[in-house]
Every structure is written in C-alpha cells, then in structure tokens.
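Notes follow once the structure below has been shown.
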Amino acid sequence: MTATTAAVPIFPLANLEQHVDALRKTCHETGLFYLRLDDAGACERCAAAAREFFDSDDATKAICSYEASPAFRGYMRLGVENTAGVIDAREQIELGREDGICDGVAQRLVGANRWPDNDGKLRGACEPWLAAMSAAAARVTRALSLGLGLEASTLDDRVLGQAPHWQAKLASYPPDVGPGVGAHSDSGWLTLLWADQPGLEAQLRTGEWVAVPPRDGAVAVNLGEMLQLASGGYYRATPHRVGPSQQRRVSLPFFWNPSLSAIVDVVCDPSALPWTRDRPPAETRHSLLRAYGANAFKSLARSHPLVFARHHPDLCVLEDGTVAARDEGDAAAQRPDDQIYCQFSSFSSPTTPHV
Ligand SMILES: O=C(O)CCC(=O)C(=O)O
Ligand SMILES: [Fe+2]
C-alpha cells in the first residue's frame, strides 16, 4: 500500500453546494471522500452505546438475535456473515428502515429492528445517528445530482424514490483475527462510515489500495453500485475492504439506498460529462438486479444463509442472483422483467454480497 490519505479529499457538509464540481470529479475518479459533519457527537454517542452492548454477555446479546428476524435484523455473532463466501471477522447489529411498500420478495425486508433489553438505551443512542446520516446522505445525493448536470432533486425523484431503504450496522471487529471484511463494493447508493480505529482501505483506479483512517468530526463516504449504474458509469462504486486490526475496532456503516420499489436506470447522458478516467471496460454480466429491492434481498440472502434457509424456505437464489420460488420447474422462464440483469461492469464478483 503506497498511496496515502492525501488521495482522499474532505468536503464540508455545511456548505457542500459550494463544492459540487470538486465533489463530482472525486466521485468520478475515485468514489471516495471524507465528509466533515456539522457535529459528529451523534456518531460518538452511538459508538459508545454500541461498545457497551458488545461488552455485554452472550445472554444479553441473544435477546436481539437476528435468527428470529425474517428481515435479517438484529445481533449477529462473530462468524455468521460472509463476503463472497469468506467469513467476516466481526460481530454486529444489523438495522434497517422499518416501513416501505413494494412488490415481490423485497417486501420481506420490511420488518422491525431488534434491540437489547436495556431500557431503550442503545436505541436512544442510535436514532440521532441514523437521522444525522439520513440527512447527510440526502444532501450529498442532491450535490451529486447537480454534478451530473441535473436538477438537485432528480436523483431522488427518478431513482431513490419516496422511501430510501437505508440499512445500517453497529459493528465490532475483535483484535488479531485477520482481515475484517474482504474486498467488495457496496450494492446500494452511498455509504457513510464512522469508525474508532484505522482498518478501512479503498482501491484507487490505479489498483493501489489506500488506507482510509478515521478523521475527527468526519465520516468516510464511498459510492455504491446503484449510483454507478444510475450515472451511466460516471460515478464510481468504490472497491474497499477492512484490514486486520490490532485493537478492537467499532465501526458504524450507514447505507443510503434506493426505495425497495425502485427500478434503477441511467438518468443522465454520460457522454455529455467530462471524463477524466477511462470509460468502464466492455460491459460484463454481473448479478446486479435493476430492481433494487430484489437486489437487496439477494445480497442479504447470500450473506446470511442460515436466516435465509430458516425464514424463506420457499425461495432459492439462483447462480445468477435471481430469487426464485423453490418449486418453480423452470425458474428462468418465470423471472419477472425487473429481475433481469442490468448489463453492468463492476469490480464485484457475481457473489459479492454486501448491502
Ligand atoms: O466496518 C467498516 O469499516 C466497513 C464495512 C463495510 O465495508 C461493509 O459493511 O460494507
Ligand atoms: Fe462495504
């Protein structure tokens, strides 16, 4: 790893609209930046409550186990989640939006979050963080829309829709157990990450990996595959990973995603934009589904095979990422249009699962 964090600029949330052009260029070339928050106190208080939870005993954690949640929400102990088939070295609580209406399997992702029985302490510390991240992600989205030469609201109106299906994790990586999470790009829109220790690494266009350590008062932001798709490949979904850590590392990834009912399409003319890197290589088939909800369900099903098998025994995920009923004789013949692949070139392997 030779690149330094000088490759990763910082933009202030407070007056982001004054940085639209620099933000556009960064998101085109690397897809990674720090966002200076007006106040990072909500992140710090949430991390403190998360630390307290992770320090509690197994019985306390089991109360909010994800095993009881068809929507993949709740506490996951070390060793139950994987990225592209390799176990992630972290324990976590998985959270998500609790309402939303859509057709098909993605409706199964709508459900209640699961909290420990501690008088609402963890929940109370999380909610301000979730609200702050939602507001920040919405503001970044508006600036990115302007960067594509669109109205500020176009990406919201034409892609994200009425009920952006945010997801979030409170994660704890124990020390000395090897790499935390393997290389992947996130399958949603924008990821805002607060962490208390170094560990995050991102890949530049050159192939070089760069360390993205925490910065005071800021979160790291990386772009997801749905944003790359909607921008015609102009904005770059950022490959990243979590390296080994010598100390326990608590991180708070927040994923801002399209509505479960969104069908994602290209919303701009990428050839009218200033390209300062090579265009994506010849398009390859990739298991990104244009229907965001189906794509999100497929990702969670692959990352959490136990919950998938327990709560969704009527379904299977086919090799190509399509979710089908188990008893369909010819699943391929019965796929709805919105589950058809988009032609998309990406870093990801077909099994890269991340939300
Ligand atoms: O915990 C982190 O630092 C990042 C985790 C991550 O990349 C993910 O959950 O998608
Ligand atoms: Fe990620």
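Remember, it's 1-based here, ligands and their atoms both numbered in the order they're listed. Only heavy atoms go into these numbers, but all of them, side chains included; no hydrogens, no water, no symmetry mates.
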- What do we get for Thr191 next to ligand 1 when only non-hydrogen atoms under 4.0 Å count, side chain, backbone, both or neither? neither

- Query: Would you say Glu151 has more than 12 foreign heavy atoms packed within less than 6.0 Å of its CD?
  - Reply: no

- Query: Does ligand 1 have a heavy atom under 4.0 Å from the side chain of Ser251, from its backbone, from both, or from neither?
  - Reply: side chain

- Query: Angle subtended at the Fe ion (ligand 2) by OD1 of Asp186 and NE2 of His184, to 10 degrees?
  - Reply: 90°

- Task: May I ask you to check whether His184 has an N/O atom sitting below 3.5 Å from an N/O atom of ligand 1?
- Result: yes

- Message: Does only the side chain of Lys169 get under 4.0 Å from ligand 1, or the backbone, or both, or neither? Count heavy atoms.
- Response: side chain

- For ligand 1, which atoms have a heavy atom of Arg90 less than 4.0 angstrom away? 5 (C), 8 (C), 9 (O)

- Task: Pick one of side chain, backbone, both or neither for how Val181 approaches ligand 1, counting any non-hydrogen atom pair under 4.0 Å.
- Result: neither

- Task: Consider only side-chain heavy atoms of I, L, V, M, F, W and Y, link residues closer than 4.5 Å, and tell whether Met76 and Ile87 are in one cluster.
- Result: no

- Query: Does Ser172 reach the side chain of Arg51, with side-chain heavy atoms less than 4.5 Å apart?
  - Reply: no

- Message: With heavy-atom distances below 4.0 Å as the criterion, list the atoms of ligand 1 near His240.
- Response: 7 (O)

- Message: Less than 4.0 angstrom from a charged side-chain N to a carboxylate O is my criterion; do Lys169 and Asp88 meet it?
- Response: no

- Compute the minimum heavy-atom distance from Arg241 to ligand 1 and say whether it is under 4.0 Å. no

- Item | ligand 1 versus Glu201: contacting region, heavy-atom distance under 4.0 Å | neither

- The single option from Thr141, Leu155, Leu190 that satisfies side-chain contact (heavy atoms from CB on, under 4.5 Å) with Leu160 is Thr141

- Item | Within the 6.0 Å centroid threshold, strictly below: Trp189 and Phe255 | no

- The single option from Tyr75, Phe53, Phe54 that satisfies side-chain contact (heavy atoms from CB on, under 4.5 Å) with Leu170 is Phe54

- Query: Is the distance between the ring centroids of Phe72 and His312 under 6.0 Å?
  - Reply: yes

- Short list, please: which atoms of ligand 1 are under 4.0 Å from a heavy atom of Tyr173? 1 (O), 2 (C), 4 (C), 5 (C)

- Query: If you count the atoms of ligand 1 from 1 in the order shown, which ones are under 4.0 Å from a heavy atom of Phe255?
  - Reply: 8 (C), 9 (O), 10 (O)

